[in-house]
Amino acid sequence: MLQRIAGKTETYLAGVVVALSVVLFLLNPKFLTAENLFDVLRNNSFLGIVALGELVVLISGGIDVSFTAIATVAQYVMGVIITRYMVESVFLAFLIPIPIGIALGAFNAFLVNRTRVHPVIITISNLNVFYGLLMVISKGKWIYGFPAPFRDFARLKVLTLVSEKGVDYGLSIFTVVWFLIAFATWVILKYLPIGRKVYALGGNSEAARRAGFNIFRIQLFVYCYIGLLAGLAGFVHAELNQMIQPNAIVGRELDVLAAAILGGASVFGGAGSPLGVVLGVLFIAFIKNGLILVRASAYWHQVIMGLIIVLAATLSAYQQNLEQKRRGRT
Amino acid sequence: MTDKLGRREMQSAVLVAVVTFLIVLLGILTRGRLLGLESLQSIAFQLPLLGILTLAQITPMLTGGIDLSVIATANLCGVVAAIGMTRSGFSVPLAMLFGLSFVLLFAVLKGVLIAWVNVPAIIATLGLMIFIRGVSLVLTRGYVIAGFPDSFLFLGNGTILGIPMPFVIFFICAFSLYLLLTRTRFGTYVYLLGSNPTATLFAGVDNALVLFKTYFLSSFLSGVAGLVMISRFNAAQADYGESYLLLTVLACVLGGVDPAGGFGRLPGVVVSIVVLQVVATGFNLLGLSSHLASALWGLILLGVIAVNRMIGGVEV
């Protein structure tokens, strides 16, 4: 039953994304060029990766708004280390933010489990704590001037094409990472026992408790998972921008939540899928890109984004109301 | 039930103990400057801004919802009033009324979505937050609108009998909200709805209407905060005070409002606003970073939660 509704959301969203693409193509044919699409995918890989983490937390019935701070702390520590010690190996650098993300996620999970206070409160507190301490210690300094391999890595492409003007473009490594993570998340949620437990906890926490699930272990998994992805996304963000500004990511919590919720994740837990979230991110990304391509004034972007979220939420609420009425009758 | 109430008394006691400790500690560290007339006045000037915004957050949270659009609404009200005053040549009261009625139009939309369309409050207010901020951006083109008449600046910077005007406004808002929540039928319904919506509905309460009024009230208070804000800064912009958003939620919870709804009292929230502002002012006097203050806010909240957990032992 649940899956059927989730399936509906994705089909519906995919249809909307396709329709949107057609409209944008008609308005500006540049939209459907491989060059533009690759750019959009690359530029949204940060958003795409963390949104998958948020999805897993939302499915479990929790929520995490501290991931922006986690991503910032993780990338900042990495930045300090690689610039101070001139670490030349991208792989070594890549290994720094991940454990930091996992550790901070574990801290969230511990507090959520022990205090039994709503996770939104715990993670708001931790957002303040992580970010506040980072700013105090770093004094808000920007980090740039990464070792050369980092610049080369950011340009790495899995598929390279040459445009008419002779400029290289292609599928960025970060887009591939994003899609691989989406796939991995799908496998975890669908085929691994822990994934089924995440859905079970979000669907009915009391039933999960009575079925003898170790609730703490599930919570530890979901908050560490978003921590891990936040750390990874922090790395990607630093690579894409080739610098680290402590204030670049914090404040974007709601963008990510919006993408996950648009993609069918429920704030009440138990529902949502990686495919839906990828579509949600694409939807938001296409609209932003489309608005630029049709040269809509930048001031209108948020008005349109906001309207779309409200509209999507209204439609899904309307659908649910109908569903409830139908169930009430039978 | 009485056990639960007793526990909540204990929680208020913990909060008051934390405040006292912080005031004494920061008082000693600043060599008494924190409690000097000058810094008390500066607290009284600064506290109302976060204070009124937090008041806007209390009622939605009591119903088990949340209003993410409070800051966006405050800014929109400020921007519209500012345009009225500077470009359209409205008189000050008319401009204020113009700003307030403009945001109340959006309040109707917000209320309808949450109350009758059944959109979860967190999503409806998230979407409207982005939308409303967008409207402010369109109106201002991202610029700051500055330079208001003196009679308007009095609202944010004047004093009455030595008491800062913003504080007077905060006091009036807080007291009215307190009466509304404790002495009226609407207040009772808010608490009932927050603790058990189904039972409340079966008791013959029009839940949707209560929710509508809740979010309408929230927008109104946000609008008032917006007017105080632009008067205090002598400028209006689309994105002032965005860091206050999560802080309003934090202040409510620190003050004992249960995010699941149904429990929490306004005096507790006022105490927690005082805590947040005293920490900020104290740190400022000590020359410490405001980021350290925000880290400490988080730690205080976690500390209070942990202590309550130890006292309660039961689910919070």
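Here is the naming used below: chain letters follow the sequence lines, and residue numbers restart at 1 for every chain. Side chains included, hydrogens not; waters and symmetry mates left out as well; all remaining heavy atoms used.
- Atom OG1 of A:Thr314 is separated from atom CG of B:Leu109 by 8.0 Å, given to the nearest 0.5 angstrom.
- With sequence neighbours left out, A:Arg295 forms a salt bridge (Lys or Arg N to Asp or Glu O under 4.0 Å) with no residue at all.
- Heavy atoms closer than 4.5 Å to chain B are found nowhere in A:Leu262, neither backbone nor side chain.
- Interface remark: B:Leu245 contributes side-chain atoms only to the contact with chain A (heavy atom separation under 4.5 Å).
- Going from atom CG of B:Leu292 over to atom CD1 of A:Ile137 covers 9.5 Å, rounded to the nearest 0.5 Å.
- In terms of heavy atoms, A:Met305 sits closest to B:Ile130 at CB-CG2, 4.1 Å.
- Atom-to-atom distance recorded for B:Leu302:CG and A:Asn126:CG is 5.5 Å, nearest 0.5 angstrom.
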- [ ] Evaluate the side chain to side chain contact (heavy atoms under 4.5 Å, CB included) criterion for residues A:Asn128 and B:Leu301: first the C-alpha distance (whole Å), next the side-chain angles of each, then the deciding distance (0.1 Å), finally the verdict.
- [x] CA-CA 10 Å; A:Asn128 278 304; B:Leu301 181 57; over 6 Å; no

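- Contacts of A:Leu111 with chain B are made by side-chain atoms alone, with heavy-atom separations under 4.5 Å and no backbone atom involved.
- Heavy atoms closer than 4.5 Å to chain A are found nowhere in B:Ile66, neither backbone nor side chain.
- Judged by distance alone, the side chain of A:Tyr299 and the main-chain N or O of B:Leu137 form no donor-acceptor pair under 3.5 Å.
- Both the backbone and the side chain of B:Ser294 come within less than 4.5 Å of a heavy atom in chain A.
- Within the model, atoms CZ of B:Arg133 and NE2 of A:His301 stand 13.5 Å from one another, a figure rounded to the nearest 0.5 Å.
- At a 4.5 Å heavy-atom cutoff, the contact between A:Leu127 and chain B is made by side-chain atoms alone.
- Heavy atoms closer than 4.5 Å to chain A are found in both the backbone and the side chain of B:Leu128.
- Only the side chain of B:Ile122 comes within contact range of chain A, with at least one heavy atom under 4.5 Å from a heavy atom of that chain.
- The parts of B:Val117 that come within reach of chain A are both its backbone and its side chain, each placing non-hydrogen atoms under 4.5 angstrom from that chain.
- Most heavy-atom pairs under 4.5 Å with chain B, from the set A:Ile124, A:Val65, A:Ile122: that is A:Ile124.
- For A:Ile261, the part lying under 4.5 angstrom from a heavy atom of chain B is the side chain only.
- For the atom pair CD1 (A:Ile121) and CG (B:Asp258), the distance works out to 9.0 Å, reported to the nearest 0.5 Å.
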